[in-house]
Amino acid sequence: MRGWAVSGLLCVLVLGGCGNADQKLTDAAAQSAREAEAEVNTTRLVVEQLQVRHLWRRTAVVMVTDAEKSVAKAVSSFDGQQPSTDESRRMYEQVGEALDNAQKAVTATRIALGNDDVAAAVRQLGVLRRSAAELDRIGELAK
Amino acid sequence: MKKLLAVTLGILTAIGGFVDIGDLVTNALVGARFGMRMAWVVVVGVIGICLYAEMSGRVVALSGRPVFDLIRERLGRRTGLVTLVASFLVTLLTLIAEIGGVALAFELASGVNYLLWMPLVALAVWLVIWRVKFSRLEQMFGLLGLLLIVFAVALFKLGPDWGQLVHQVTNPHPVGPESWATYAYYAIALFGAAMTPYEVFFFSSGGVEEKWSRRDLVTARTNVFVGFPLGGLLSLAIAGCAAVLFLPAGIQVGTLGQVTLPVAVAFGKIGLAIVLIGVFAATFGAALETVLSCGYTIAQYRGWQWGKFVRPREASRFHVIMIVCLAIAVLTLLTAVDPVKVTEYSVVFAAMALPLTYLPILIVANDPDYVGRHTNGRVLNFFGLIYLGLLVVASVAAIPLMIVTRAGQ
Amino acid sequence: MTMSGRVLHAQLHLLDRQLIDQADGRLLGKVDDVELDLDRDPPVVSALFSGRERIPAEQIAEIDTAVKIVYQGLDLEHHDDWTERNIIDKIPGAGDATE
């Protein structure tokens, strides 16, 4: 009798784990997307403030470098996810691409600011806004 | 006239000295994630520290002994030792956070990496402790810290929807992606930031350093009851700025730069300069207070000569403790651990240590041996016990919540 | 100098109290233990212990929120002196009052 109960419990645990793989991936996607979106928005805000001369360039560089580090953390924490089904693999790729875009945009901004090229940083504003919108959609989807 | 000046100075020092890196980071973080829905926690925390700071001030003014000195007497050697270890470790962690905070402020102002500033900051802290008179040290950084009022002014300049802010204050519950678990976790963090143990040790030891007597009771009480609440308003302003700028954009605060950004948005480079000087003064002042408190706690537990009111060579072990603590802080920060993360942890651990810190104060303030006729009285004891209960609840819930929310994510 | 017959609660009034030099107010350590003369009734405090030093009752000057003693023939500051000689004195300004 007890043998049945134990193996029954094991089955439920294993199946539960399998079913949850998609949910776990979705939650991780939402989390990383929100984190990345926050950093992209910070970067955008910093460039906008620099544009109206509200910040020193060196301060803006520090702020955007910090944002870059945080985006990298969000990206690497999502990279570690293991998609198990075809559908979740597609989601993994889509989200991964969005996160990569965010990382590229923030890094490009940081490099531009480091080179004292405010114009180039300002050109990134459009990219940053689009990236934030993309990440926002992912964050919403996951809810 | 001179008395009025002294009182004003004391109040201003208390306001500027109330805010440290823990308050800056935690309030901004909470404002960005929860808006003003945790304002009540700041209010509760300020009332708590007012109650207990008054008690410690009264004890030191009437008995000449600072609170930590008496912890061992009243709780016994073993319980006293537990209190010492917990308080010391939390204060040391706070010291590490403060020195990191000063270095981050320099990084924002100069563009030079904070790790290069950090050992210089520690050296500067030691030099000031070694050479500068206690009262001057307190006043200088307390007054400069007042520059943080720029947060309150910036809040008005940002033109917030006051109705929305008030709505948040009166609806203290999590919304959106936030859960009750993270709400509770950050309430505890905010509590710890407002009531950090070192503030009470410093306040009461400072009373001995400045040779308080019965006559100074009024000054001490005014400092506490006017200075600390105004400091609490400053905390709310920091949260408000973050709420206005970051909450709608879904930006989470994780860096000192983000904490100061609202002021730059409101006032540009001038505002940024003011806020960075204010942050420097508040965190540097807090670094001085925490390193002194590290020395005070150990020396007072053991009965060693302590204090800046004697020459360094007459309090050798006291000074060696502080030098060692600064060295530990430097070494810890050199591991490139994120000072903001250290700050976030330090306020939660501070909340956990609060019952151990505050219970002895409640006991001592009721003891006629130390305060003569001026024991607590029933009303004060009633509120004191309620707070102690609150602190125990927060302390016990801290670790489980930290695990459940993975430190607030 | 003898202590007049004050009834004390050893644990509340003596143990873990701060010891202070009566002459200049220097802090000397804590009362770690109390020695009682049990032959008398009620028992009389014959000495205090702090660290490794024994402080005879005759040298207790005052018992208040701290215990003031006549600091003669005792060395309670051994460790502080060691630290002073070997570490603090090596740093310039150790003997200066703060400005």
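Remember, it's a predicted structure, so these values are computed and weren't measured experimentally. Naming convention: chains lettered A, B, ... in sequence-line order (proteins, then strands); numbering from 1 in each chain.
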Notebook entry, point to check: Between B/W180 and B/Y183, is the gap from one ring center to the other below 6.0 Å?
Noted result: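 Under 6.0 Å, so yes.
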Largest heavy-atom contact set with chain B, pairs under 4.5 Å, which of [options]:
{"options": "A/L55, A/V61, A/D136", "value": "A/L55"}
{"options": "A/E37, A/R44, A/Q49", "value": "A/Q49"}
{"options": "A/R58, A/R53, A/M63, A/E35", "value": "A/R58"}
{"options": "A/V52, A/V62, A/V46, A/D66", "value": "A/V62"}

Could you tell me if the side chain of [Y] sits less than 4.5 Å from the side chain of [X], heavy atoms only?
{"X": "B/V112", "Y": "B/F106", "answer": "no"}
{"X": "B/F191", "Y": "B/Y186", "answer": "no"}
{"X": "B/F151", "Y": "B/L155", "answer": "no"}
{"X": "B/L276", "Y": "B/V263", "answer": "no"}
{"X": "A/V75", "Y": "A/D100", "answer": "yes"}

Checklist line | Residue A/E48 versus chain B: region with a heavy atom under 4.5 Å | finding: neither
Next item on the list: With a 4.5 angstrom heavy-atom cut-off, could you sort out which part of A/S70 is near chain B: side chain, backbone, both or neither?
Entry: neither
Tell me, side chain or backbone of [X] under 4.5 Å from chain A's heavy atoms, or both, or neither?
{"X": "B/F246", "result": "side chain"}
{"X": "B/A32", "result": "neither"}
{"X": "B/I270", "result": "neither"}

Notebook entry, point to check: Are B/S346 and B/T343 close enough that a side-chain donor and a side-chain acceptor fall under 3.5 Å?
Noted result: no
